[in-house]
Amino acid sequence: MHGSGLKGSATVEVRNKLRLLNILVSFILFLLLFIIVRYLESPLKNFLRFLPDLSMIVIMLIVFVLAGVGFYISRLLSGQVIRRIEDYSERLDSLLNLTKDIREELYGDILLEKIMDCSLDITRSDAGSILLIDDDNLVFKVVKGPKAEGLTGKSVSKEIGVSGWVLKNNQPVTISDATKDERFNPHIDELTGYRTNTMLCVPLKTKTATIGVIEVLNKKHGRYDERDIEIISHLADQAAISIERAQFYEDQRNYEIHLTDILLDTIDRFIPEKQGHSRRVAKYANVIAKAIGMSDKRKRRLYFASLLHDIGFLRLPVEKSFQKEVYTMHPEVGYEMLKPITFYKDIAQYVLHHHERYDGFGYPTKLKGDNIPLESRIIAIAEAFDSMVNEASYRITVDTDAGVEEILRYKGAQFDPELADVFAENIKGSE
């Protein structure tokens with residue numbers, strides 16, 4: 001809705017400028033024709049006898065003056081039209097780029113920063129903030145501009161101020177002089193020392209609710225107008241959807257973290273030999289991930305795969321869990337447990353293959369070399385190292401140097417040789 005309104009506003013303004021230009025050109029041409037006809041030897045001349053006789057020089061001067069004025073005004077108006085079109089094009093490009101960007105952003109803090117930066121840019125504003133509803137308050141989630149420090153995280157009542165009015169009426173508002181507007185609450189200015197003069201505030205609306213507001217303050221040139229309202233309202237519509245999705249994702253992530261902790265505590269409780277093992281494996285795996293420059297997204301998946309790589313033991317008989325024929329079942333059992341869970345399905349394959357060997361003699365599928373997922377190859381090194389150096393291990397315990405030597409000894413056979421070298425180079429000092 002706001003997108004079509006924005007386009008309509010631009011079209012109407014450009015059309016009005018062009019109409020004015022056409023009227024001006026037509027008027028000048030009519031005057032020139034009128035003067036020329038006045039001095040033509042034609043029947044029309046008799047109808048124009050009431051006009052005084054003028055010399056040819058004066059006539060030519062009038063013609064040149066009218067043509068010059070017409071040309072100047074034409075250039076002026078066409079320049080305004082071109083600048084207006086360029087301005088709209090620039091602002092729409094920024095809006096379209098951000099819309100695409102925020103649809104792909106799942107981290108709430110990064111998302112809000114992007115929305116705020118774009119809001120300030122496309123409205124040419126000096127400062128701004130995004131406030132989201134939290135119970136009966138509005139909380140400053142992002143604040144940009146002079147005197148912004150210390151305001152993030154503070155809350156105000158959603159019943160007062162311009163933001164309160166916008167929430168109550170569910171519509172945008174512009175203020176040309178904040179000090180003279182009864183809706184304006186000066187408390188924040190008094191708190192920060194910043195002076196608000198002009199202001200634009202729009203609601204963040206989803207299909208089901210209004211979740212907050214976007215405020216931009218002190219436009220750098222002039223006052224906020226209908227174009228600013230339309231373009232920020234369009235941005236707010238897209239932003240609200242993305243914010244709601246990011247909040248849902250973060251809720252899921254919190255649930256994932258909580259569920260993972262429960263599972264790890266269960267493993268530690270029922271298999272004492274593995275107490276703390278999964279968390280240490282995750283720590284060692286992260287050493288390799290950081291050293292090879294793994295992306296944050298992949299590091300996060302590796303982290304959870306490391307934590308849950310032994311989850312299959314929860315479905316195996318505890319008293320037989322270290323018998324070879326039972327032990328070798330845990331990767332497949334863990335895979336089957338994780339695969340149906342939405343936020344674990346991406347890491348299930350890493351759990352399945354974390355006991356494969358680089359030379360192809362591992363289990364359960366005997367994958368070889370780079371056919372083994374990178375994350376699984378990392379977990380294999382981290383798990384083997386922890387099993388060797390941890391005092392609670394069911395194996396013979398060795399010190400860190402001996403553990404590293406063992407990893408290097410079996411590189412190219414049990415372990416990825418490049419990852420083994422990376423681990424050996426980076427493990428010391430990270431324990």
Side-chain angles (χ1 to χ4, degrees), residues 1-6 94-123 125 127-145 148 151-175 183-185 187-188 196 199-217 224 228-258 343:
M1 179 176 66
H2 290 300
S4 60
L6 179 62
S94 297
L95 184 60
L96 290 173
N97 289 334
L98 178 73
T99 299
K100 179 182 178 182
D101 197 17
I102 65 177
R103 284 176 181 170
E104 300 171 353
E105 183 57 64
L106 293 177
Y107 292 94
D109 53 347
I110 299 175
L111 173 64
L112 293 175
E113 289 277 346
K114 289 179 178 179
I115 294 169
M116 190 73 264
D117 287 341
C118 184
S119 298
L120 296 178
D121 181 53
I122 61 179
T123 59
S125 297
S129 57
I130 295 177
L131 299 91
L132 299 183
I133 294 176
D134 184 6
D135 294 328
D136 292 327
N137 294 319
L138 278 168
V139 179
F140 285 91
K141 293 295 185 179
V142 176
V143 185
K144 295 278 183 142
L151 198 54
T152 302
K154 292 189 178 299
S155 61
V156 294
S157 171
K158 67 178 184 180
E159 303 296 332
I160 62 174
V162 176
S163 55
W165 187 93
V166 168
L167 284 178
K168 181 178 179 180
N169 293 274
N170 208 26
Q171 65 183 51
V173 66
T174 60
I175 294 178
R183 294 168 296 186
F184 179 69
N185 177 17
H187 173 69
I188 299 300
T196 301
M199 182 178 186
L200 167 58
C201 184
V202 300
L204 288 163
K205 298 184 291 186
T206 66
K207 289 183 178 180
T208 57
T210 300
I211 62 174
V213 299
I214 297 178
E215 294 179 343
V216 287
L217 312 174
Y224 297 107
D228 294 314
I229 294 175
E230 288 167 353
I231 201 165
I232 288 296
S233 294
H234 178 76
L235 170 60
D237 286 347
Q238 302 301 314
I241 296 170
S242 297
I243 290 169
E244 191 173 54
R245 188 179 66 250
Q247 288 176 335
F248 174 76
Y249 173 76
E250 289 180 349
D251 288 342
Q252 264 198 324
R253 189 167 54 181
N254 290 336
Y255 178 70
E256 178 184 2
I257 293 170
H258 184 59
F343 45 75

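Sequence positions, counted from 1, serve as the residue numbers for this chain. Quick caveat: nothing in here was measured; it's all calculated off a predicted structure.
To the nearest 0.5 angstrom, Ile115 atom CD1 is 7.0 Å from Leu204 atom CG. From Cys201, atom SG reaches atom CG of Leu167 across 7.5 Å, with rounding to the nearest 0.5 Å. In this structure, the separation between CG on Leu217 and OG1 on Thr123 is 9.5 Å, given to the nearest 0.5 Å. Atom OG of Ser125 and atom CE of Met116 lie 7.5 Å apart (nearest 0.5 Å).
In this structure Glu256 satisfies the side chain to side chain donor-acceptor pair (under 3.5 Å) test together with Arg300, sequence neighbours excluded. With sequence neighbours excluded, no residue forms a side chain to side chain donor-acceptor pair (under 3.5 Å) with Thr174. Scanning for salt bridge (Lys or Arg N to Asp or Glu O under 4.0 Å) contacts around Lys144 gives Glu113, Asp117, with sequence neighbours left out.
Contact annotation: the side chain of Asn185 never approaches that of Val162 to less than 4.5 Å [non-hydrogen atoms, C-beta and beyond]. Between Leu111 and Arg245 there is no side-chain heavy-atom pair separated by less than 4.5 Å. Using a 4.5 Å heavy-atom threshold, the side chains of Val216 and Tyr224 count as touching.
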Might you work through the side chain to side chain contact (heavy atoms under 4.5 Å, CB included) test for Val166 and Val202, ending with a clear yes or no?
CA-CA 7 Å; Val166 168; Val202 300; 5.8 Å; no

Step-by-step side chain to side chain contact (heavy atoms under 4.5 Å, CB included) determination, Arg183 to Ile175
CA-CA 9 Å; Arg183 294 168 296 186; Ile175 294 178; 4.2 Å; yes

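Within the structure, the side-chain hydrogen bond (donor to acceptor under 3.5 Å, both in side chains) test picks out no pair touching residues 152-165 (sequence neighbours left out).
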Atom pairs and distances, side-chain donor-acceptor, residues 127-139, under 3.5 Å, sequence neighbours left out:
unit_1	atom_1	unit_2	atom_2	d
Ser129	OG	Glu215	OE1	3.2

